[in-house]
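One structure is given here, and the rest of the page talks about it.
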2 protein chains.
Amino acid sequence: MGVSARKHDVFQAIADPTRREVLRLLAEKERPISEISAHFPISRTAISKHLHILSEAELVKGKKAGRERIYHLQPEPLTELKQWLSYYEQFWNNKLQKLKYIVEEENE
Amino acid sequence: MGVSARKHDVFQAIADPTRREVLRLLAEKERPISEISAHFPISRTAISKHLHILSEAELVKGKKAGRERIYHLQPEPLTELKQWLSYYEQFWNNKLQKLKYIVEEENE
DNA sequence: TTGACATGAAACCAAAAGGTTTTATATGAT
DNA sequence: ATCATATAAAACCTTTTGGTTTCATGTCAA
């Protein structure tokens, strides 16, 4: 029942462009749902669902304040993504080295 | 009609755990479809579809060799993911700094 | 206390995702 | 030539996703 038991993980959460844009907005500053949804052509309800998915992935958190719910970014789960990525960096680093090597050969 | 016109982008491609495992297998070495699908409980056809999606995102490429098609990893599109991530690193770095600051205060 | 506002929740819907089975095609081996 | 192998392609199915509309609830303001 650890982190992996969540219904929506980080990889799924960031797969949707609308959710990535929501994260970008919340990176600027915390905002209530209605302010967030004002940036999109879709309904407030749809945005609310996206926020639920981001919440499950723990990428955002909402605090109730009066009749509003203010969401803020929680970037920590992105470290999982970073770790995943770091495994693959060795490969593109190798490619760049090969490319550099070829260029150097051609200049001689 | 640029890169963004692809039906499946990197974010979507890596959202599925099966596809991430396929990438991991291809990171070890290039493999034909049947060898890849042998690692999974689902059908070869299903794996083939996943490979198509990974191909669209240009994360893998298949070369026909005899009656086989050998797939290999193409990690370059992951740089897009890395760039996207780098924007958010400032936030968790800040958090770590704040945490460190608190700890230092408590030690005085 | 009455209304406007902000959100939550439920019911519903179409399209996409992830899978299967079936059929076809190309290639290698005998 | 024939047969087994490796993949491709198509048809089909179920569940999930991303959206809508409608209705309910809690809170602020007058």
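Residue numbers begin at 1 in each chain, while the letters A, B, ... track the order of the sequences.
For D:dA8, neither phosphate oxygen OP1 nor OP2 lies less than 4.0 angstrom from any side-chain nitrogen or oxygen of B:Lys64. When the side-chain nitrogen and oxygen atoms of B:Arg19 are compared with OP1 and OP2 of C:dG18, one or more of them lie within a distance under 4.0 Å. Under 4.0 angstrom from either OP1 or OP2 of C:dG19 there lies at least one side-chain N or O belonging to B:His50. In this structure, A:Gln12 does not reach the D:dT16 phosphate: none of its side-chain N or O atoms is under 4.0 Å from OP1 or OP2.
Near DNA chain D, meaning a heavy atom under 4.0 Å from it, residues 25-47 of chain B has B:Pro32, B:Ile33, B:Ser34, B:Arg44, B:Thr45 in order of number.
With distances taken from any side-chain atom of B:Lys49 to the nucleotides C:dG19, C:dT7, D:dG19, the minimum falls on C:dG19.
Counting heavy atoms from C-beta on, the side chains of B:Tyr71 and B:Leu25 never come closer than 4.5 Å. Within the 4.5 Å cutoff, no side-chain heavy atoms of B:Glu76 are placed close to those of B:Glu58. Side-chain atoms of B:Trp84 and B:Val10, non-hydrogen and from C-beta on, never get closer than 4.5 Å to each other. A heavy-atom distance below 4.5 Å is found between the side chains of A:Leu26 and A:Arg31.
Of the residues near DNA chain D, A:Gly66 and B:Arg69, the one whose nearest nucleotide (by heavy atom distance) lies more toward the 5' end is B:Arg69.
The CZ-C1' distance, from A:Arg67 to C:dA6, rounds to 7 Å in whole Å. Regarding B:Ile70, its CD1 atom lies at a distance of 10 Å from the C1' atom of D:dA6, rounded to whole Å. Here D:dA6 presents its P atom at 16 Å from CG of B:Leu51, a figure rounded to the nearest Å. Distance A:Asp16 CG to D:dT17 P: 11 Å, rounded to the nearest Å. If you take CD of A:Glu68 and P of C:dT7, they are 5 Å apart, rounded to a whole angstrom. Residue B:Tyr71 contributes atom OH, which lies 9 Å from atom P of D:dT7 at whole-angstrom precision.
The aromatic rings of B:Tyr87 and B:Phe91 sit perpendicular to each other, their planes meeting at more than 60°, with 30° as the lower class boundary.
Contact check on A:Lys49 versus A:Asp16 returns no salt bridge, with no Lys/Arg side-chain nitrogen under 4.0 Å from an Asp/Glu carboxylate oxygen.
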Could you give the side-chain donor-acceptor pairs of residues 39-48 of chain B under 3.5 Å, partners two or more places apart or in another chain?
from: B:His39; atom 1: ND1; to: B:Glu35; atom 2: O; distance (Å): 3.1
from: B:Ser43; atom 1: OG; to: B:Ala46; atom 2: N; distance (Å): 3.1

